[in-house]
Peer 1: 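Encoded as structure tokens, here's the structure I'll be asking about.
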Number of protein chains: 2
Amino acid sequence: MRRRQSVIPSEGWIDVSVRLRSGMVHWPGDPDVKIERILKMERGDHCNVSTISMSSHTGTHVDAPYHFIENGDGIHDMAFTSMIGQARVIEIENQHCIKPEELKPNKIRKGERVLFKTINSKRCWNTETFVEDFVYLSTESIEYLVEKRVKTIGVDYLSVGGYIKNIDEVHKSLLGAGIWIIEGLNLSRVSQGNYDLICLPLNIINGDGAPARAILRPI
Amino acid sequence: MRRRQSVIPSEGWIDVSVRLRSGMVHWPGDPDVKIERILKMERGDHCNVSTISMSSHTGTHVDAPYHFIENGDGIHDMAFTSMIGQARVIEIENQHCIKPEELKPNKIRKGERVLFKTINSKRCWNTETFVEDFVYLSTESIEYLVEKRVKTIGVDYLSVGGYIKNIDEVHKSLLGAGIWIIEGLNLSRVSQGNYDLICLPLNIINGDGAPARAILRPI
């Protein structure tokens, strides 16, 4: 017999998405974010309507395999199971790089969704200037996570890899291994522990990535 | 004591969002949807990256009170409880207009999230041309839903009100009553019944609305 009541809690969710606005920080070379009202009630229009223009990799977003793999899956191919369910926030102390030494004591298991909270969450989202020396995952850490066969990883700035460092190789490793990537989280309001995660990217056909909303709830 | 396991099911979710692509249908007067790759691996770029340009009221989206109410809440003010939790899909037979006569037998209760499945879901999303005579909610139905104090309503085309009919008055009634609106659902894959709903709009500061991803799971 089917259950008749929802098991989805409506309350207690914490937003871990970055707010979108014109002029916000973005990856160097990507177009500026523009959110502009084209209908304005204060001007006599019957309602307010805006247009949005941004890169698919700005703010909180999901990378699809197609981002770095020719003929890879597009964002619309993502199974919801990658982004919905139990997740673990792991706090990282190293202020430069996430290294395997810091990951190993956490005993990361196959199929986990792991979100790394670094100094980025506090440091990088309060400026409109791109922060080049954000904390990133070392290539060795990525190899470790691929070997552990995690389901999804999340990071708290605009790339899993470091700026002008290991971007290409770590994206190819993760995406090639079928591990989905959430980038651009703001984890400043959560601490280490277990959470329910819901992260839903926009449903873009064949998208290389998509802006997403991501929320957590302590368990 | 806290529970240690997630209660959020990872499987069984049905996508009720419209897929986004260049050239897709939009409200008359809104700008065209453009999703264009600015980096292309087949051209020798190191990865694929796209830009997105669209109205905040295209495809599956959420209307904020600010859409029709000066100084109304923006999309970032939305409480998740409006869009996460139990919801009911109600199938509508009338192919022109949703009228109170068809709503009343459903005994809609205070606090419900109700999604109306009409012929729109099958008829309107398979064309790039805007369908002017989509099924909409009559002003009397909106008054009925406001009186019932539902929490959220969802419709399966681009407006709760009819084209060149009652758009302004029904938006003002609903949004003024604190009822959140999901527009642009594609409910063709679900039938009447109870579901878990998750609908997450992009987190746009002071947004009059925002593109969203919406999913359902039968309960």
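Every chain is numbered from 1 and lettered A, B, ... according to where its sequence line falls, protein lines coming before strand lines. The shown structure was predicted, so the numbers you read here are calculated from the model rather than taken from an experiment. Computation of the quantities below employed the complete heavy-atom set of this structure, encompassing side-chain atoms and omitting hydrogens, waters and symmetry-equivalent molecules.
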Peer 1: Taking B/Ser50's backbone N and O only, do any of them form a donor-acceptor pair with A/Ser56's side chain (distance below 3.5 Å, no angle check)?
Peer 2: yes
Peer 1: Does atom NZ of A/Lys165 have more than 12 heavy-atom neighbours from other groups under 6.0 Å away?
Peer 2: yes
Peer 1: Examine whether an atom of A/Glu42 lies under 4.5 Å from a heavy atom of chain B, and if so say whether it belongs to the side chain, the backbone or both; otherwise answer neither.
Peer 2: both
Peer 1: Pick one of side chain, backbone, both or neither for A/Asp15, based on which atoms fall under 4.5 Å of a heavy atom in chain B.
Peer 2: both
Peer 1: May I ask you to test the B/Ile35-A/Ile204 pair for a side-chain heavy-atom distance under 4.5 Å?
Peer 2: yes
Peer 1: Can you check side-chain contact (heavy atoms from CB on, under 4.5 Å) on A/Ile198 and B/Leu200, steps first, answer last?
Peer 2: CA-CA 9 Å; A/Ile198 302 174; B/Leu200 291 180; 3.8 Å; yes
Peer 1: What's the shortest heavy-atom distance between A/Met41 and B/Phe68, and which atoms?
Peer 2: CE-O, 3.3 Å
Peer 1: In terms of heavy-atom pairs under 4.5 Å, which option from B/Ser55, B/Cys199, B/Ala87 contacts chain A the most?
Peer 2: B/Ser55
Peer 1: Test side-chain contact (heavy atoms from CB on, under 4.5 Å) on A/Arg213 and B/Phe80 and set out the steps.
Peer 2: CA-CA 11 Å; A/Arg213 189 75 176 263; B/Phe80 293 120; 3.7 Å; yes
Peer 1: Which bit of A/Ala212 comes within less than 4.5 Å of chain B, counting heavy atoms only: side chain, backbone, both or neither?
Peer 2: backbone
Peer 1: Distance check, rounded to the nearest 0.5 Å: B/Leu20 atom CG versus A/Ile75 atom CD1?
Peer 2: 11.5 Å
Peer 1: Might you point out which heavy atoms bring A/His57 and B/Asn48 nearest each other, and give the distance in Å?
Peer 2: NE2-O, 4.0 Å
Peer 1: Where do B/Val18 and A/Asn203 land on the side-chain contact (heavy atoms from CB on, under 4.5 Å) test, with the steps shown first?
Peer 2: CA-CA 7 Å; B/Val18 172; A/Asn203 192 4; over 6 Å; no
Peer 1: How far does OH of B/Tyr66 sit from CZ of A/Arg37, to the nearest 0.5 angstrom?
Peer 2: 3.0 Å
Peer 1: Side chain, backbone, both or neither: which part of A/Glu70 has a heavy atom under 4.5 Å from chain B?
Peer 2: both
Peer 1: Heavy-atom pairs under 4.5 Å with chain B: which of A/Cys47, A/Gly85, A/Gly193 has the most?
Peer 2: A/Cys47
Peer 1: Sort A/Leu202 into side chain, backbone, both or neither according to what part of it lies under 4.5 angstrom from a heavy atom of chain B.
Peer 2: both
Peer 1: In Å and rounded to the nearest 0.5 Å, what is the NZ to CG distance from A/Lys40 to B/Asp208?
Peer 2: 11.5 Å
Peer 1: State, with a plain yes or no, whether a side-chain heavy atom of A/Lys151 is found less than 4.5 Å away from one of B/Ser10.
Peer 2: no
Peer 1: Identify the two heavy atoms, one from A/Pro31 and one from B/Thr51, that lie closest to each other, and give their separation to 0.1 Å.
Peer 2: CG-CG2, 3.2 Å
Peer 1: Go through the atoms of A/Leu39 and report whether side chain, backbone, both or neither lie under 4.5 Å from a heavy atom of chain B.
Peer 2: neither
Peer 1: With a 4.5 angstrom heavy-atom cut-off, could you sort out which part of A/Ile52 is near chain B: side chain, backbone, both or neither?
Peer 2: both
Peer 1: Identify which of B/Ile167, B/Ile69, B/Val49 forms the greatest number of heavy-atom pairs closer than 4.5 Å to chain A.
Peer 2: B/Val49
Peer 1: Given heavy-atom pairs under 4.5 angstrom as the criterion, report whether the side chain, backbone, both or neither of A/Arg21 touches chain B.
Peer 2: side chain
Peer 1: Between chain A and each of B/His76, B/His171, B/Lys172, B/Glu11, count heavy-atom pairs under 4.5 Å; write down the option with the most.
Peer 2: B/His76
